[in-house]
Amino acid sequence: MLKAESSKGGNRAMVVVESGLESKDALHWALSHAVQSHDTIVLLHVTKPSKQGATCTTNRAYELLCSMKELCETRRPEVQVEIAVVEGKGKEKGPRIVKEAKQQRVSLLVLGQKKQSMVRLWTVCRGRRTRSRVVEHCIQIANCITIAVRRKSRKYGGYLITTKRHKNFWLLA
């Protein structure tokens with residue numbers, strides 16, 4: 001696991017980072033709506049378990065996290081940023097995120113969420129595990145406040161927020 005130094009004081013928020021635009025949108029939302037000065041953001045990336053000599057995946061994950069960390073430092077220099085890379089895949093991914101959020105003692109967990117297409121809905125009905133299942137698992141199981149974020153529209157702005165109590169709540173901001 002890779003980590004940067006921890007800061008003193010303030011709240012801790014974790015943003016799950018993946019290569020898609022959804023993660024970037026979730027990070028933008030967290031920076032503009034959830035964190036304040038002296039808070040800490042933990043950027044978490046969950047990689048597939050590596051085979052011997054498979055450092056390429058770890059290097060790509062670290063590059064992705066460093067670019068997201070740079071984005072945080074540019075937009076909110078007063079916020080501390082830590083990075084973490086953990087292993088987990090398939091059925092393990094959701095529980096691994098929840099476990100890491102608990103270990104990092106975060107008060108907020110933010111995940112990016114894709115728009116569900118008819119193909120994805122059909123896949124979920126057939127019992128296959130999808131990213132939306134990971135998001136749903138984290139929302140239902142995590143001890144901290146957990147929010148799934150999806151940008152409503154690039155043209156009109158706003159975000160759709162999903163929590164334990166609200167599904168696709170439109171936040172115009």
Side-chain angles (χ1 to χ4, degrees), residues 1-7 11-31 33-35 39-73 79-117 119-120 123-124 127-151 159-164:
M1 176 165 36
L2 305 170
K3 291 184 187 179
E5 285 188 24
S6 177
S7 67
N11 293 314
R12 294 175 62 81
M14 178 179 282
V15 178
V16 178
V17 175
E18 294 179 345
S19 58
L21 285 175
E22 296 81 16
S23 294
K24 203 171 201 177
D25 289 342
L27 180 59
H28 281 287
W29 180 87
L31 290 171
H33 293 83
V35 297
D39 284 350
T40 299
I41 288 187
V42 179
L43 302 174
L44 173 70
H45 182 74
V46 181
T47 63
K48 294 178 182 172
S50 61
K51 298 174 182 142
Q52 286 183 328
T55 59
C56 182
T57 304
T58 305
N59 289 341
R60 279 195 302 245
Y62 190 72
E63 288 174 11
L64 175 64
L65 287 168
C66 286
S67 70
M68 294 291 221
K69 181 178 179 180
E70 191 175 301
L71 177 93
C72 292
E73 291 170 342
V79 173
Q80 298 295 313
V81 182
E82 299 176 6
I83 58 175
V85 177
V86 296
E87 289 184 351
K89 69 172 189 171
K91 294 179 182 180
E92 303 167 3
K93 194 171 185 178
R96 190 65 180 108
I97 292 168
V98 171
K99 181 180 178 183
E100 190 64 21
K102 186 175 183 177
Q103 286 178 342
Q104 294 277 350
R105 289 185 241 124
V106 298
S107 55
L108 175 67
L109 175 60
V110 182
L111 301 107
Q113 188 171 26
K114 286 186 177 183
K115 181 178 181 179
Q116 289 211 332
S117 66
V119 172
R120 176 171 279 143
T123 303
V124 169
R128 295 185 187 160
R129 216 155 184 70
T130 63
R131 186 164 176 249
S132 63
R133 292 256 180 135
V134 171
V135 169
E136 188 64 29
H137 174 84
C138 293
I139 288 172
Q140 294 304 321
I141 304 301
N143 292 333
C144 60
I145 297 169
T146 305
I147 299 175
V149 177
R150 180 170 63 89
R151 187 179 288 251
Y159 293 91
L160 290 175
I161 306 297
T162 300
T163 65
K164 279 185 182 178

So, for Gln104 and Glu82, which heavy atoms are closest and what is the spacing to 0.1 Å? OE1-OE1, 3.7 Å
How long is the span from the NZ atom in Lys93 to the SG atom in Cys138, to the nearest 0.5 Å? 9.5 Å
Verify, without hydrogens or angle tests, whether Arg12 (side chain) and Val42 (backbone) share a donor-acceptor contact under 3.5 angstrom. no
Residues Lys114, Glu18: salt bridge by 4.0 Å N-O rule: no
Just jot down the side-chain hydrogen bond (donor to acceptor under 3.5 Å, both in side chains) partners of Glu70, sequence neighbours excluded, or say none. none
If you apply the rule side chain to side chain contact (heavy atoms under 4.5 Å, CB included), what do you find for Gln140 with Thr146, and how did you get there? CA-CA 8 Å; Gln140 294 304 321; Thr146 305; over 6 Å; no
Nearest non-hydrogen partners of Cys144 and Leu109, listed with the distance: SG-CB, 3.8 Å
Which value, rounded to the nearest 0.5 Å, describes the distance between Met14 atom CE and Ser107 atom OG? 11.0 Å
Do the side chain of Thr162 and the main chain of Leu160 share a donor and acceptor less than 3.5 angstrom apart? no
Which distance, rounded to the nearest 0.5 Å, do you find between the CG of Asn143 and the CZ of Arg105? 13.5 Å
Going from CD1 on Ile147 to NE2 on His33, what distance comes out if it is rounded to the nearest 0.5 angstrom? 10.5 Å
Any side-chain heavy atom of Cys72 within less than 4.5 Å of one from Leu27? yes
As an exercise, state the distance from CE of Met68 to OG of Ser19, rounded to the nearest 0.5 Å. 9.0 Å
Kindly give the heavy-atom pair with the smallest separation between Ala142 and Lys164, and that separation in Å. O-NZ, 4.0 Å
Which is it for Tyr62 and Ile83 under the side chain to side chain contact (heavy atoms under 4.5 Å, CB included) test, yes or no, and what are the steps along the way? CA-CA 9 Å; Tyr62 190 72; Ile83 58 175; 3.4 Å; yes
Which atom of Val17 lies closest to which atom of His45, heavy atoms considered: O-ND1, 2.7 Å
Does Ile145 have more than 12 heavy atoms from other residues, nucleotides or ligands lying within 6.0 Å of its CD1? no
Of all heavy-atom pairs linking Leu108 and Ala34, the shortest is CD2-CB, 3.5 Å
Please report the C-alpha distance between Val149 and Ile161 in whole Å, then the side-chain angles of each, then the deciding distance to 0.1 Å, and finally whether the side chain to side chain contact (heavy atoms under 4.5 Å, CB included) criterion is met. CA-CA 5 Å; Val149 177; Ile161 306 297; 4.0 Å; yes
Look at the side chain of Asp25 and the backbone N and O of Arg150, then say whether any donor-acceptor pair between them is shorter than 3.5 Å. no
Tell me the closest heavy-atom pair linking Thr163 and Ile139, and the distance in Å. C-CG2, 3.6 Å
Is the closest side-chain heavy-atom distance between Leu111 and Glu22 below 4.5 Å? no
Exceeds 12 heavy-atom contacts within 6.0 angstrom, atom NZ of Lys102: no
Run the side chain to side chain contact (heavy atoms under 4.5 Å, CB included) check on Val15 and Leu31 step by step: do they pass? CA-CA 10 Å; Val15 178; Leu31 290 171; over 6 Å; no
